[in-house]
*Asks:* 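Following this message is one structure expressed as structure tokens.
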Amino acid sequence: GADANHTDSLGARQGPGNSTGERSPVTASIHPARLDPMNDDAQLDVDRPSRADSLAGLERLARGQDGVATRAQARSVGLTDDRLRRLVAAGILARIGTTAFRLLGAPSTPLAEVRGLVLDVGGDAVACRATAAALHGLDGFRLAPPYDVAIGRGRHVNRIGHRIHTVTRLPDADRTTVSGIPVTGVE
């Protein structure tokens with residue numbers, strides 16, 4: 001008789017819980033080009049998430065960030081730069097900066113715009129000055145462009161329509177978050 005648990009030619013585990021031939025969530029397959037015995041780079045490829053799974057992962061991540069995600073975050077869920085370009089061309093994503101994207105249908109609110117700008121600038125970026133004051137809810141400040149963002153000295157960042165400030169240092173004691181957005185604190 002056949003072994004109750006075996007692996008098919010695609011690397012899918014077969015067994016009592018998977019008699020339909022569907023691929024199990026944890027699988028590995030060998031790409032045919034990698035079977036060449038003369039190829040020193042022959043290796044086992046662990047399956048990457050499917051395109052649908054990668055996009056769903058990006059959607060889940062972005063939903064928690066006002067519909068915004070960075071290129072690095074997209075890569076972390078399995079999307080390639082080529083796939084990101086295609087999603088932008090198809091209108092599923094809108095490019096909102098050098099490294100940030102907004103999902104189709106995600107509202108373009110001031111809060112989402114600030115989050116997108118801070119994520120796009122990346123690194124040690126924090127909302128500062130009037131933008132931070134508005135995020136903290138201080139009287140007389142309204143969250144509206146141009147937004148202010150501070151970064152550490154030595155970085156050269158420019159975002160048209162916004163003000164990027166450099167600081168020699170910003171101690172952790174002067175940083176906080178408001179609605180998940182890194183901001184300078186209120187003194």
*Asks:* Among all residues two or more places apart in sequence or in another chain, which pass the side chain to side chain donor-acceptor pair (under 3.5 Å) test with Thr80?
*Replies:* none

*Asks:* Taking the side chain from Arg95 and the backbone from Arg102, do they hold a donor-acceptor pair closer than 3.5 Å?
*Replies:* no

*Asks:* Ala112: what forms a side-chain contact (heavy atoms from CB on, under 4.5 Å) with it, not counting sequence neighbours?
*Replies:* Asp66, Thr109

*Asks:* Applying side chain to side chain donor-acceptor pair (under 3.5 Å), name anything that partners Arg86, two or more places apart in sequence or on another chain.
*Replies:* Asp82

*Asks:* With distance as the sole test, does Arg129 use its side chain to make a donor-acceptor pair with the main-chain N or O of Thr131 at under 3.5 Å?
*Replies:* no

*Asks:* If the condition is salt bridge (charged side-chain N to carboxylate O under 4.0 Å, His left out), which residues does Asp139 pass it with, not counting sequence neighbours?
*Replies:* none

*Asks:* Taking ring pair (Phe, Tyr, Trp, His ring centres under 6.0 Å) as the test, write out the residues that go with Tyr147, two or more places apart.
*Replies:* His162

*Asks:* Output a table of donor-acceptor pairs, distance under 3.5 Å, between side-chain atoms of residues 174-186 and any protein atom two or more places apart or on a different chain; print 'none' if there are none.
*Replies:*
{"residue": "Arg175", "atom": "NE", "partner": "Leu170", "partner atom": "O", "Å": "3.3"}
{"residue": "Arg175", "atom": "NH1", "partner": "Asp124", "partner atom": "O", "Å": "3.2"}

*Asks:* Check the pair Arg83, Ser54 against side-chain contact (heavy atoms from CB on, under 4.5 Å), reporting the backbone distance first and the verdict last.
*Replies:* CA-CA 10 Å; Arg83 181 77 172 132; Ser54 296; over 6 Å; no

*Asks:* Clusters formed by hydrophobic residues whose side-chain heavy atoms approach within less than 4.5 Å: which one holds Ile96, and what are its other members?
*Replies:* Val68, Leu119

*Asks:* Would you list the pairs meeting ring-ring contact (aromatic ring centres under 6.0 Å, His included) in which at least one residue belongs to residues 89-134, sequence neighbours left out?
*Replies:* none

*Asks:* How would you list all residue pairs meeting ring-ring contact (aromatic ring centres under 6.0 Å, His included) that involve residues 167-187, not counting sequence neighbours?
*Replies:* none

*Asks:* So, using side-chain contact (heavy atoms from CB on, under 4.5 Å) as the criterion, who are the partners of Leu61 when residues are at least two apart?
*Replies:* Gln65, Ala69, Gln73

*Asks:* Taking only residues two or more places apart in sequence, or in another chain, which ones meet Arg75 in a side chain to side chain donor-acceptor pair (under 3.5 Å)?
*Replies:* Asp81

*Asks:* With sequence neighbours left out, which residue pairs that include part of residues 156-173 fulfil the salt bridge (Lys or Arg N to Asp or Glu O under 4.0 Å) condition?
*Replies:* Asp120-Arg159, Asp148-Arg163

